[in-house]
Number of protein chains: 2
Amino acid sequence: MSSFGKIASLRHPVAINLADRPSASACEDCGARHLGLCDALSDEELVFLSSAAHRMTLPTGRLFLEEGDAAQFFYNVNSGTVRLFKALPDGRRQITGFAGPGHFIGLAATDMNVVSAETMEPVQLCRFSRAGMRAMFEEYPALERKLLDVAMHELVLSQQQMLLLGRKTALERIASFLLSWAQRQENCNTGKLPRPNAKLTLPLSRTDLADYLGLTIETVSRSLSALKKEGLIEIPNIHEVVLLRPQALENIAEAAN
Amino acid sequence: MSSFGKIASLRHPVAINLADRPSASACEDCGARHLGLCDALSDEELVFLSSAAHRMTLPTGRLFLEEGDAAQFFYNVNSGTVRLFKALPDGRRQITGFAGPGHFIGLAATDMNVVSAETMEPVQLCRFSRAGMRAMFEEYPALERKLLDVAMHELVLSQQQMLLLGRKTALERIASFLLSWAQRQENCNTGKLPRPNAKLTLPLSRTDLADYLGLTIETVSRSLSALKKEGLIEIPNIHEVVLLRPQALENIAEAAN
DNA sequence: GGATCGCACTGATCCATATCAAAAGCAGCA
DNA sequence: TGCTGCTTTTGATATGGATCAGTGCGATCC
């Protein structure tokens, strides 16, 4: 099997399709190869890992990991989107992140899960036993290296999110979110501003958005309307946003003045 | 040299005193050994790593790592406390965490630092070159394993903090903070509630507290006063808090009702 | 002991966002 | 085509915490 170019950083979501390696191909959005782990491992190692994984397909709205439960497994998403969240007894909910193709779920756990995970669309996953994780690391240090990269990248994102939740206004949160989501889907996190008129697809409901940004759905809706009225974005339908003036959004998001 | 008991999880801060191993001893607060990395490495490996580290001492209020700068080094704290934060151009600040003895700083970076770091008291650190990190990992996989544990634990904490910042009220934030700080210093993060009348030492100013909890100093002050008036805490002086009724604090913190 | 300075606390007011209420859009379905 | 139920948007009002404005208080210095 041919070798693939090294992936320099984790700006692009790291994908492993352990149970289905032939499906690894150029990303239709950005052209990069979502190989991640596969890239770091020999064929022999891959065979081993594939056998350790269980491939599953889940329908929309399935809660497959619950905060407080024993952490038996960790997962790697192959397709679809998953929301990760924590909740308070009275129902208040904070979404801590979204996991798309290539993302890992359930790494940041001790013996219990610290977040819940629920599918937002039909989702394909590879499931790994946490118990066997240590043993896998012993045999395949490359796996561990990749996971360390992933964890450190997650940490960077969560620090950004803390700034957003702790100190930004509603409008700034929405602007920040639109840009970061564009990064995520359009330029594969190159750090560049999306081009004008970039079209975003949001699999999220307004409720998800509110729970991710620490706002209410009404405030989310009003802020989006405000950006629309100012001519910075267009909203053709609920699940699409067009970024007419990304630079202006960036100025709002980073409170540049 | 004698071998030390395995450290089962990362609930206890992981300390490495690479440049000064003899100082590793039983924690006066909890009796556990703050060995962390040392525990995972052989003496021979330790000697290598010690030579890779530069030991430094910094005075109070020293900004030694700035967001946006090239990420040359990462650090391990030996003594003292460091605040990690992100700031917006207009001066708003969000503290993303505090690093005490045994904590790592600068791991979650790509080629640039994503947070700034500033000492809150006189601090002793070991400094490592990031450039040499990969090479160190090749030679000493145990180092990587430990860092993965650390990163995953940080992730757990930051998810908790997102819930706090996005969804909790001022009073809930203060109560949550007091309990988590107690965990940190008193029972070495065993997950248990601190005992009644546990005394906390806060090296933080009210401004730090506000910037960590996403509040203003006035609200922090008012919330602490409210808890005092209700008889849940006592505040002998600015840098000390006595938790008279931890269970009641927990009820507030987790919105149990 | 008194003056000065930097924080912390407390009170009064304001405002950004939450909450409450209703209308509008939209998908599924008979 | 219209009915039903759900989500989103928009409008009116309420409120938690921010902002503004003192006051208090302990440390340092003379």
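Letters go in sequence order (proteins before strands), and every chain restarts at 1. These numbers come from a predicted model, not from an experiment.
With rounding to whole Å, B/Ile217 atom CD1 is found 14 Å from D/dG17 atom C1'. Residue B/Ile235 contributes atom CD1, which lies 15 Å from atom C1' of D/dC25 at whole-angstrom precision. Rounded to whole Å, atom P of C/dC26 lies 12 Å from atom NE2 of A/His239. Atom NZ in B/Lys168 sits about 18 Å away from atom P in C/dA18, given to the nearest Å. For the pair A/Leu227 CG and D/dT8 C1', the interatomic distance rounds to 16 Å; values are reported in whole Å. Counting to the nearest Å, the P atom of D/dT7 and the CG atom of A/Asp211 are 13 Å from each other. Separating the CZ atom of B/Arg206 from the P atom of C/dC7 is a distance of 13 Å, rounded to the nearest angstrom. One can place CG of B/Leu213 at 19 Å from P of D/dG16, the figure rounded to the nearest angstrom.
One N or O donor and one acceptor, one from the side chain of B/Glu218 and one from the base of D/dC20, sit under 3.5 Å apart.
A donor-acceptor pair shorter than 3.5 Å can be found between the side chains of A/Thr81 and A/Glu121.
DNA chain C is contacted by both A/Ile238 and A/Leu215; A/Leu215 maps to the nucleotide lying nearer its 5′ end (nearest heavy atom per residue).
Close to C/dT10, at under 4.0 Å from its OP1 or OP2, lies a side-chain N or O of B/Ser225. In terms of phosphate contacts, A/Ser221 brings a side-chain nitrogen or oxygen within less than 4.0 Å of OP1 or OP2 of D/dT9. Neither OP1 nor OP2 of D/dT7 sits under 4.0 Å from any side-chain N or O of A/Ser205. At the phosphate of C/dA18, OP1 or OP2 sits under 4.0 Å from a side-chain N or O atom of A/Thr216. One finds no side-chain N or O of A/Arg222 lying less than 4.0 angstrom from the OP1 or OP2 phosphate oxygen of D/dT9.
Residues A/Val114 and A/Lys86 approach most closely at O-NZ, 3.0 Å, considering heavy atoms. Nearest approach of B/Pro89 to A/Glu254, heavy atoms of both residues: CD-O, 3.0 Å.
The pair B/Arg83-B/Asp211 fails the salt-bridge criterion, with no side-chain N (NZ, NE, NH1 or NH2) lying under 4.0 Å from an Asp/Glu carboxylate O.
Around CD of B/Glu230, the count of heavy atoms belonging to other residues, nucleotides or ligands within 6.0 Å does not exceed 12.
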